[in-house]
Amino acid sequence: KRDAATKHLIETGAAAIEPLMQGIAQHGLEVTTRGIYVLQQLAVAGDEATEASARSSLEKIASARVTAAARHARDALNKLDTLRQQRALDELQRLGARIERNYQELSSAMGPLFMIEIGDSWRGKAEDLRWLEFTRDVQQVSFVGEKVEDSWLAHIAGMPNVQLVKIKRAKITDAGLAPLKTLERLEFVRLLYLDIGDDAVVHLAPCQRVTRMDLYGTKLTPD
């Protein structure tokens, strides 16, 4: 009966989330464990609204005081991050992204990095790049080619482990560089043959962790 009930809750979808949260708050460990399992399954259901609601519920449980429920929720979130990243990588690769787990960027002394390149082979739309936000282990993002524009770069905002960003021969404006300052671990920026000028400095200056910037073929003045 319990297994059947668990399966039925998963099949119910988003409508089950609020009653689940109430049940987890009111009952013991088994209800909590099964409830968190259901939320975990709903968080990979394929429907964006359902996934977002289920994940938000797990985060709410995980943020509570140190309890068995919080521990189970944190474990579920860690598993979701792994599953979501692989799903994102699969989707990006299907749409033409180049993915290399041990890529050595020219002139970089940082060593091999987990890299994603969005270039001429990209077949997706700008909104498909939303998958980038789920690639938590990616260390380098490269945008190459004339198809690349400001809206593409917006999707790297907040990526947690990006250390190197390369943009080459792209249609990027000065303002399009703004997402770079949201990358907390960014160390190296390569801007190659871009039509950017002195106003780009406004967006590059806040990147205080960066130790090296390669600027080739831009319109920045020596000043």
Who are the salt bridge (Lys or Arg N to Asp or Glu O under 4.0 Å) partners of Glu149, not counting sequence neighbours?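 Testing Glu149 for salt bridge (Lys or Arg N to Asp or Glu O under 4.0 Å), a comparison that skips the adjacent residues, returns none.
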
With [X], which residues qualify under side-chain contact (heavy atoms from CB on, under 4.5 Å), at least two apart?
| X | answer |
| --- | --- |
| Asp47 | Ala49, Thr50 |
| Ser121 | none |
| Ala52 | none |
| Thr173 | Asp150, Ala175 |

Strictly by salt bridge (Lys or Arg N to Asp or Glu O under 4.0 Å), give each pair with a member in [range] just once, sequence neighbours left out.
| range | value |
| --- | --- |
| residues 211-223 | Arg190-Asp214, Asp195-Lys219, Arg212-Asp214 |
| residues 17-29 | none |
| residues 158-178 | Glu105-Lys166 |
| residues 27-42 | Arg2-Glu30, Asp3-Arg34, Glu30-Arg34 |

Spacing of CD belonging to Glu11 relative to OG1 belonging to Thr6, to within rounding of 0.5 Å: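 Here the interatomic distance stands at 11.0 Å.
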
With rounding to the nearest 0.5 angstrom, report the CD to CG distance, Glu184 to Leu186.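 Interatomic distance, Glu184 CD to Leu186 CG, rounded to 0.5 Å: 11.0 Å.
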
In the structure I gave you, are the side-chain heavy atoms of [X] and [Y] within less than 4.5 Å of one another anywhere?
| X | Y | answer |
| --- | --- | --- |
| Ile24 | Leu39 | yes |
| Leu113 | Asn102 | no |
| Asp137 | Gln85 | yes |

For the backbone of [Y] and the side chain of [X], can you confirm whether one donor and one acceptor N or O come within less than 3.5 Å of each other?
| X | Y | answer |
| --- | --- | --- |
| Arg74 | Ala62 | yes |
| Asn161 | Arg136 | yes |
| Thr135 | Leu132 | yes |

Should Arg130 and Glu48 count as an ion pair when the cut-off is N to O under 4.0 Å?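 Looking at Arg130 and Glu48, the cut-off is met.
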
Give me each pair satisfying ring-ring contact (aromatic ring centres under 6.0 Å, His included) with a member in residues 126-147, each pair once, sequence neighbours excluded.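 Every ring-ring contact (aromatic ring centres under 6.0 Å, His included) pair that includes a residue of residues 126-147, provided the two are not neighbours, is Trp131-Phe134.
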
Just by distance, no angles: are the side chains of Ser142 and Gln140 close enough, under 3.5 Å, to form a donor-acceptor pair?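 Result is yes, a qualifying pair exists.
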
Those residues that, when tested against Tyr103, pass ring pair (Phe, Tyr, Trp, His ring centres under 6.0 Å) (two or more places apart):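 Checked Tyr103 against ring pair (Phe, Tyr, Trp, His ring centres under 6.0 Å); zero matches.
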
side-chain hydrogen bond (donor to acceptor under 3.5 Å, both in side chains) partners of Asp120, counting only residues at least two apart: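 Partners of Asp120 by the side-chain hydrogen bond (donor to acceptor under 3.5 Å, both in side chains) criterion come out as none, since no residue qualifies.
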
